[in-house]
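One structure is given below, encoded as structure tokens.
Chain letters run A, B, ... following the sequence lines, proteins first and then strands; every chain starts at 1.
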Amino acid sequence: MDRYNFKIVEDKWQKIWDKNRSYSVKIDKHKKKFYCLEMFPYPSGKIHMGHVRNYTIGDVLARYKTLQNYNVLHPMGWDSFGMPAENAARQNKLDPKTWTEKNISVMKTQLKKLGLSIDWDKEISTCSADYYKHQQEFFLELYDKELVYRKESYVNWDPVDKTVLANEQVIDGKGWRSGAIVERKKLNQWFFKITKFSKELLESLDGLEEWPNKVKVMQKNWIGRSYGCEIKFQIESNKKIDEIKCYTTRPDTLFGMSFLALSVDHPVSKFYENDKEFIKFKKECSKTGTTEESIAAADKLGFKTDLLAINPLDESIKVPVYFANFVLMDYGLGAVFGCPAHDQRDLDFAKKYNLKVTPVVRPDKDKAFLVNDKAYTESGYLFNSKFLDNLKVPDESIDKTISYLEENNIGQKKTNYRLKDWGISRQRYWGCPIPIAYDEKNNPVKIPKEMLPVKLPKIDQLNSTGNPLDEMLEWKNIKIDGKQCTRETDTLDTFVDSSWYFLRFCSPQNENYGFDTDEVKYWMPVDQYIGGVEHAILHLLYSRFFMQALSYKNNKFDIKEPFSGLFTQGMVCHETYKDQNNNWVSPDEIITIQGKKFLKENEEPIKVGASESMSKSKKNTIDPEKIIKDYGADSVRLFILSDSPPEKDVQWSDEGIKSSYKFIQKLWVLNQKFIEEISKNHARNHNSDLEKITNKFIKEITHNIENFSYNKIVANLHEIYSSLNKIILNKIEKEKLIENYKKILIAISPVIPHFSNECMELVNIKEKISWPKVEESFLIEDNIKYIIQFNGKTRKIIETKKNISEDTLIKKIKEDNKLNEFLKNKNIQKKIFIPNKLINIITT
RNA sequence: GCCCUCGUGGUGAAAUUGGUAGACACAAAGGACUUAAAAUCCUUGCCGCUUGCGGAGUGCCAGUUCGAGUCUGGCCGAGGGCACCA
């Protein structure tokens, strides 16, 4: 028998699919559509195992849906703007474009070797002007709808690299690349008004039934809605301040107020901008502003003003006003009233500055209650609160207090969101230029539509620091309507690129606009989106915002949610290895002798560490290209799906991939047995279990694909192999054998497409294939396995005819030598009889 | 601190509505074939007594039930998210 030569077979089928453009699709209104999308890759150089897993999961689904006669859109593109290209360009002294394009071509070849059913005619790349031209139009569209604005805001500034850093690029207060201490710098930045849609983005999460709950919860928390109240405080002062407004979720604790705290950036701070002590205090506050943990752990600091705030519920109570380091300007109103008894931060602050602690909520109505070191935040009843006394906290107390405040024009009910507007300016070269210029008075001017795209100027070599666009005077200076202007040199955050690419895939060549309305109407929304959970908030929230923004004031576009189904896959992990000096060692440098691992070089023993997600720094990566070369794409696909459910992490192992490879070889042997068997001319049997086995398999595999239980599909493959292998030489009727074998080959084709296509060709399946239907009639069992329990313990499983009566079953039990023993000298107290399943006999 | 998820053999995991716990694999051990090795095939979760059978068993402790991996409450542990959000 021949061995299965995956090299020849896989290459052959990939060429056929390419040549026939087998996966190119067009709108077909007679067919149901299915849009299957995996998060597109950043072209960093080579594909990694994470990509392999992501795209295999998507490909199984796309192939399955195609076999179910859906019109399947399964495209691929490149998220090709971004920092790694700039960094690589700086290091290697070349143009980011050259580097990016080279990577794309390498990775495209690699992806093709995985045998993915991708419509390559729809390939897009976000760094191409054909793509970002439309993004610039969208920017201007949102600008016209007042969903884009410019304001001064603080950024993380790396003074050495002269660039803005994202929060996650600041490690312990230092730039990740330069190591310089990051400064807080105020810059003019462009923002998308994502907060305008806070309510919609939050509330429509409930309609996303095919999203993982985890992701919805994360987005909910991120948007962070709270219900509360704005309260006006009259101020006693010699300055021109008459009132300060605070936001609170606990207006019912107002009688417990003992101070008012303001953010150092609060408008009132302008009265203190010449106060030396205040300037010193403000500086002190900004020092503790780097990592989030340090903020949380930081001491409460305050600066006492000469102002007094009047309690609006009792004008005789006057409390001091402080600036405090724990009050944030960009949440609520940048001012809070302090109620130490019922808020831990306020209590810490009050202790430090010797302020009054007046409890106003107590757990029991009539018992005395004191607060010592721990603020009381539980439910209870109001006291020390005059006319509010005895209200139930929080059920009555909050609403009643708000009503009172509203009636007396002191406060107003208010819903607040934690979500902040999306800052989209990046002081970077390799990104989409913002289509704006500034006139002589520095007012922003839109670049007219006919002057789009604003192309990124070519660059031979990036300097080591800063944004080269700043220095390109020829490019920067531009005349708009005869007026001399200067271009915006910031580029857009690359998350903007990925916020609408799924629309572009519907009509990637459309020139007039980012997408063709008919195409988008047909294909959108994405039925199944698949990617890593690390994008749970940013990318997925931004994309949802983009749909809100496009449909806002636009009657031609009404897609509010881009992804109706979402699946977040786990990571690919591998054991980690260290040598005797605790240096990371890569799996290729190791040999295994009798289950123990040694360094190839000098046979020094290796310390085996925990399995962790593959990363270059831990040297535990496995190169998919090499694995495909050694074992073939089908083996890799099979292994990456086996063992762990796709939403969990999977352990890569050498043994595992080898066993997948062997399994495909076994299937090949089986295929040869089949060919030989049908060529024989011997007498054949009428009866066989083949239909039962096949239909059970089809039923299970269908159920498992529908539920993303891909690890179970692999188990199904092993099971069908084993059952088929047992009966294939049983002289089954030829037609029956062929028909069932064909169904099996089709059902395994989404997972191992090259192999099954080759087999189908060899066994002469030529007609158009589609997903086999389960014929339930074959699954009806005549015999039933009865579980026989005594006192809840299973003692035996006996096979009987279907639908026998309880009495008949009892009779059978009494006839059974073993079971009879359990009835000897016992009284039957009770019987639980579940027809065709189980009997539980309770004896005493 | 708050929120979410998860605890099943040596390992990754199955168990669709509460009804045979450990499917399917990996590893290890033993066996078969072989002059030998590789490859292949078979057996093996634990504790007891020779096949067979019995007992315990799904992080821990209770509860509901004829019956709990699955449902309820409490505790312990791991992972993830948010974090001075008023």
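- For the pair A:I834 CD1 and B:G67 C1', the interatomic distance rounds to 9 Å; values are reported in whole Å.
- Within the nucleic acid shown, A:I842 comes within 4.0 Å of sugar-phosphate atoms alone, with no base atom in reach, counting heavy atoms only.
- Only the P atoms considered, B:G55 is 44 Å distant from B:C3, to the nearest whole Å.
- Across B:A13, B:U20, B:C84, the shortest atom-to-atom separation from the side chain of A:F326 is found for B:C84.
- Minimum atom distance to the side chain of A:T249 is reached by B:A86, of the listed B:A83, B:G81, B:A86.
- Atom pair A:I640:CD1 and B:G12:C1' shows a separation of 13 Å (rounding to whole Å applied).
- In this structure, of B:A83, B:G19, B:A13, it is B:G19 that holds the atom nearest to the side chain of A:Q789.
- Taking the P atoms as reference points, B:A39 lies 31 Å from B:G52, given to the whole Å.
- Here the side chain of A:E700 is nearest to one of B:A14, B:U16, B:C24, namely B:U16.
- In this structure, A:H718 reaches the B:A25 phosphate: one of its side-chain N or O atoms is under 4.0 Å from OP1 or OP2.
- In this structure, A:D299 pairs ionically with A:K352, as a charged nitrogen and a carboxylate oxygen lie closer than 4.0 Å.
- Within the 4.0 Å cut-off from OP1 or OP2 of B:A14, at least one side-chain nitrogen or oxygen of A:N711 is found.
- On a pure distance criterion of 3.5 Å, no polar donor-acceptor pair joins the side chain of A:N221 and the base of B:C82.
- When each of B:G12, B:G55, B:C26 is scored by its nearest atom to the side-chain atoms of A:E655, the top-ranked nucleotide is B:C26.
- At the phosphate of B:G67, neither OP1 nor OP2 sits under 4.0 Å from any side-chain N or O atom of A:K830.
- Atom-to-atom distance recorded for A:N836:CG and A:T800:OG1 is 7.0 Å, nearest 0.5 angstrom.
- The distance between atom CG of A:N704 and atom P of B:C24, rounded to the nearest whole Å, is 14 Å.
- Comparing the P positions of B:G22 and B:G10 gives an interatomic distance of 16 Å, to the nearest angstrom.
- For the P atom pair drawn from B:C53 and B:C60, the interatomic distance equals 28 Å after rounding to whole Å.
- Atom NZ in A:K220 sits roughly 16 Å away from atom C1' in B:C2 (whole-Å rounding).
- Results of the side chain to side chain contact (heavy atoms under 4.5 Å, CB included) test with A:F697 over A:T702, A:L724, A:I748 single out A:I748 as the only residue that passes.
- A salt bridge does not link A:E799 with A:K785: every distance from a Lys NZ or Arg NE/NH1/NH2 to an Asp or Glu carboxylate oxygen is 4.0 Å or more.
- Look at CD on A:E719: it is 14 Å from P on B:G22, rounded to the nearest Å.
- For A:R795 and B:G54, the shortest distance from a side-chain N or O to OP1 or OP2 is below 4.0 Å.
- Judged by a 6.0 Å distance limit and a 45° cone about the ring axis, A:R418 is positioned over the six-membered ring of A:W222.
- For A:I223 and B:C4, the CD1 to P distance is 17 Å, given to the nearest whole Å.
- Comparing atom distances between the A:T248 side chain and each of B:G81, B:A86, B:C82 picks out B:A86 as nearest.
- Between B:U16, B:C84, B:G81, one nucleotide has an atom nearer to the side chain of A:M218 than all others, and that is B:G81.
- Rounded to the nearest Å, the gap between the C1' atom of B:C49 and that of B:U40 is 36 Å.
- The partner of B:A15 is absent, by the rule that a Watson-Crick or G-U pair needs both atom distances under 3.5 Å.
- Here, B:U70 and B:C85 have their P atoms 37 Å apart, quoted to the whole Å.
- Taking atom P on both nucleotides, B:G74 is separated from B:U20 by 29 Å, rounded to a whole Å.
- Checking B:A13, B:G19, B:G55 against the side-chain heavy atoms of A:K648 singles out B:A13 as nearest.
- Taking a cutoff of 4.0 Å between a charged side-chain nitrogen and a carboxylate oxygen, A:R250 and A:D343 do not qualify as a salt bridge.
- For B:C85, the OP1/OP2 oxygens have no side-chain nitrogen or oxygen of A:Y247 closer than 4.0 Å.
- Checking B:U16, B:A25, B:U20 against every side-chain atom of A:I787, the shortest atom distance belongs to B:U20.
- Glycosidic conformation of B:G9 is syn; the angle stays within 90° of 0.
- Comparing the P positions of B:A23 and B:A14 gives a spacing of 13 Å, expressed to the nearest Å.
- Look at CZ on A:R345: it is 6 Å from C1' on B:C84, rounded to the nearest Å.
- In this entry the distance linking CG of A:N725 with C1' of B:U40 reads 12 Å, nearest Å.
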- Message: One pair to check against ring-ring contact (aromatic ring centres under 6.0 Å, His included): A:W422 and A:F495. What are the steps and the verdict?
- Response: CA-CA 10 Å; A:W422 174 13; A:F495 275 114; 7.3 Å; no
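- For the OP1/OP2 pair of B:C3 and a distance below 4.0 Å, the side-chain nitrogens and oxygens of A:K216 include no atom meeting the criterion.
- Side chain of A:H703, nearest nucleotide from B:U16, B:A86, B:A14: B:U16.
- For B:C6, the paired nucleotide is B:G77, the pair qualifying as Watson-Crick or G-U wobble because both relevant distances are below 3.5 Å.
- Salt bridge annotation for A:K282-A:D265: present, with a cationic side-chain nitrogen under 4.0 angstrom from a carboxylate oxygen.
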